[in-house]
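Below is one structure, written out as structure tokens, with a few remarks after it.
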Amino acid sequence: METIKTKSCDEELDPSLFRPDFPILRKVLRDGIPLVYLDNAATTQRPRQVIAAIVDIYEHHYSNVHRGIHTLADETTELYEGARDRVREFLNAAEREEIVFTAGATAGINLVARAWGDANLRPGDEILLTEMEHHSNMVPWYQLAERTGAVVRHLPLTDDGRLDLSALPHMLTEKTKILAVTAVSNVLGTINPVQDLIPAAHAVGAKVLVDGAQSVPHHRTDVQRLDADFLVFSGHKMLGPTGVGVLYGKREILEAMPPFLGGGSMIHEVTLDGFVPGDLPARFEAGTPPIVGAIGLGAAIDYLTSVGLSRIESHERRLTQKLYVALAEIEGVRILGTEPSLRGGIVSFVLNDLHAQDLAHLLDRYGVAVRAGHHCAMPLHRRYGVPTSARASFYLYNTSEDIDHLIDAILRARRLAHRK
Ligand code: C6P
């Protein structure tokens, strides 16, 4: 295993120390233009240490898990279950059985909507979402409502991109069976007060699912302190591989849930008459699980832990502050959402004279990678009266110069667009 440069916890994060770990950041695009990667909310890049862990397993240990009685099967099972231990520790979950490996955040939400939702919701019950949810935290609940006759409601947003908590008392009621809310908006960057929403939901007897896709990679998450019932996230947004994610669920809730996917590994016994489901967490990991993905995620957690999440968070806050101020100085720019101190490292914006997708295409000419579109949050964009936006999002390897490049590229893109 390669070593990772660590620094004292309170020292400001210096991205130049970590950038050499990310081979792709050395990529030079056409005409010798260096890559400026600002699309981290979509997916992050991987350090050598994570790539090495993946290569290591394929070269030295690889087999299926939990099945074989041979050396490779034992080694791979040990690595896979070791990754589960890393995730448990990272989230401060009470027990390793509460960590279910999934294909990603979307798969985790669908699992809960199917397994918990189908078993617990009745016609007229309410599912409370918010208007800022990613489609992955909307569509599975709409599908659940269609199956069960439950009703979906949405907590509204303020004009400046926060949850409108004044609506909470009449939206969160005894009818609410589950509140599903993102911890950080993938468009506005807003950090939601999930620590207050969870006790409020529990007070009316509702369960809470936290969509941690944009929070777990950037902010310290303690599921016991939060008292979250469910929390989901994806490995690829935190330096890990694609195709792996995590569903955290409280043991007593997971134990009471019927399995969702059926297949190998999730059973105690199968007869010609039926089956007896297995124990946690295998009950929810039918079939061959994302073995290499999970092990890669474990390596990513090691990397993030050694850098320090609080330093990553402060670093991103500095970058966000700088970008916010610089964008606000450009004429005709509208930044979606709230002030920098209330948001993570995500800034979405629109220009009054250039379509977001056109802007992103032009930025790419200057080497700057941002996302443009509705970011899988169409209702949110509708709420703010724009069909799409451009989005810059940061991670630990982004530098202050990346923002200078972005601003310079926006100004050049605008000039180019108007020259045509
Ligand atoms: N958002 C973005 O560019 P998956 O695709 O399963 O790894 O993650 C889904 C998901 C769920 N919740 C939130 C808040 C998210 O941001 C995402 C993924 C990416 O914003 C891809 S659309």
Side-chain angles (χ1 to χ4, degrees), residues 37-46 87 100-114 129-143 154-155 157 161-163 179-192 194 197 208-219 221 228 230-248 260 290 293-294 296-297 300 316 336-337 343-349 356-357 360 363 369-381 383-384 388-395:
Y37 188 76
L38 295 173
D39 195 15
N40 295 287
T43 197
T44 59
Q45 300 299 343
R46 277 121 209 84
V87 174
V100 177
F101 284 119
T102 65
T106 304
I109 297 168
N110 277 275
L111 194 165
V112 174
R114 283 277 175 180
L129 311 178
T130 83
E131 285 182 15
M132 69 166 73
E133 298 311 313
H134 186 280
H135 297 165
S136 291
N137 201 25
M138 284 191 163
V139 179
W141 304 112
Y142 295 163
Q143 292 172 310
H154 301 89
L155 199 61
L157 307 182
R162 290 171 295 116
L163 295 179
L179 164 67
V181 57
T182 191
V184 171
S185 161
N186 70 316
V187 180
L188 307 167
T190 316
I191 300 172
N192 288 325
V194 284
L197 293 171
V208 181
L209 177 141
V210 176
D211 177 352
Q214 300 291 353
S215 64
V216 170
H218 308 273
H219 313 278
T221 303
F230 302 107
L231 175 124
V232 299
F233 61 94
S234 296
H236 69 95
K237 291 189 200 290
M238 50 188 287
L239 313 181
T242 50
V244 68
V246 168
L247 163 65
Y248 159 82
F260 164 40
L297 175 59
E316 290 175 0
L336 302 183
R343 57 162 87 209
I346 295 176
V347 182
S348 296
F349 59 97
Q357 276 93 332
L363 293 182
V370 298
R371 186 170 173 190
H374 53 63
H375 316 306
C376 301
M378 289 172 111
L380 182 153
H381 280 85
R383 164 67 178 82
Y384 293 108
T388 58
S389 59
R391 182 186 70 185
S393 49
F394 305 121
Y395 215 11

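Keep in mind that what you see is a predicted model, and the values were worked out from it rather than measured. The first residue of the sequence shown is numbered 1, and numbering continues consecutively from there. Order of listing sets the numbers, starting from 1, for every ligand and every atom in it.
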Legend entry - Residue, atom name and distance, where the atom is the protein heavy atom closest to atom 1 (N) of ligand 1: Lys237 NZ, 3.0 Å
Legend entry - For atom 9 (C) of ligand 1, closest protein heavy-atom neighbour: Thr106 OG1, 3.4 Å
Inset, instruction - Report the member of Val184, Asp211, Asn186 with the shortest heavy-atom distance to atom 13 (C) of ligand 1. - result: Asp211
Inset, instruction - Could you tell me whether ligand 1 has any atom less than 4.0 Å away from a heavy atom of Asn137? - result: no
Legend entry - side-chain contact (heavy atoms from CB on, under 4.5 Å) partner of Met132, the single match among Leu163, Leu155, Asn137: Leu163
Legend entry - His381-Thr388 side chain donor-acceptor pair, cut-off 3.5 Å: no
Legend entry - Pair His134-Thr182, side-chain donor/acceptor within less than 3.5 Å: no
Inset, instruction - May I ask you to decide if the ring planes of His135 and His374 are parallel, tilted or perpendicular, using 30° and 60° as cut-offs? - result: tilted
Inset, instruction - State, yes or no, whether a side-chain contact exists between Val181 and Asp211 at a heavy-atom distance under 4.5 Å. - result: no
Legend entry - Residue pair Lys237 / Pro217, side-chain heavy-atom distance below 4.5 Å: yes
Inset, instruction - Measure the distance from atom 16 (O) of ligand 1 to every protein heavy atom, then report the residue, atom name and distance (to 0.1 Å) of the closest one. - result: Gln214 NE2, 2.7 Å
Inset, instruction - Before signing off on this row, confirm whether Ser136 and ligand 1 have an N or O atom pair separated by under 3.5 Å. - result: no
Inset, instruction - Check ligand 1 against Thr182 and write out every atom of the ligand that is under 4.0 Å from a heavy-atom position of the residue. - result: 14 (C)
Legend entry - His218 and Phe394: CA distance, side-chain angles, deciding distance, ring pair (Phe, Tyr, Trp, His ring centres under 6.0 Å) verdict: CA-CA 10 Å; His218 308 273; Phe394 305 121; 9.8 Å; no
Legend entry - Closest non-hydrogen atom pair, Val244 against Leu297: CG1-CB, 4.2 Å
Legend entry - Note, Val184 side chain near His219 side chain (heavy atom, < 4.5 Å): yes
Legend entry - Side chain, backbone, both or neither: the part of Arg391 lying under 4.0 Å from ligand 1 by heavy atom: side chain
Legend entry - Residue part near ligand 1, for Cys376, under 4.0 Å between non-hydrogen atoms: side chain
Legend entry - Top protein contact for atom 2 (C) of ligand 1, by heavy-atom distance: Arg371 NH1, 3.1 Å
Inset, instruction - Please report which non-hydrogen protein atom sits nearest to atom 15 (C) of ligand 1, along with the residue it belongs to and the distance in Å to one decimal place. - result: His134 CD2, 3.3 Å
Inset, instruction - Looking only at distances, please establish whether an N/O atom of ligand 1 is found under 3.5 Å from an N/O atom of Ser234. - result: yes
Legend entry - ligand 1 N/O within reach of His236 N/O, cut-off under 3.5 Å: yes
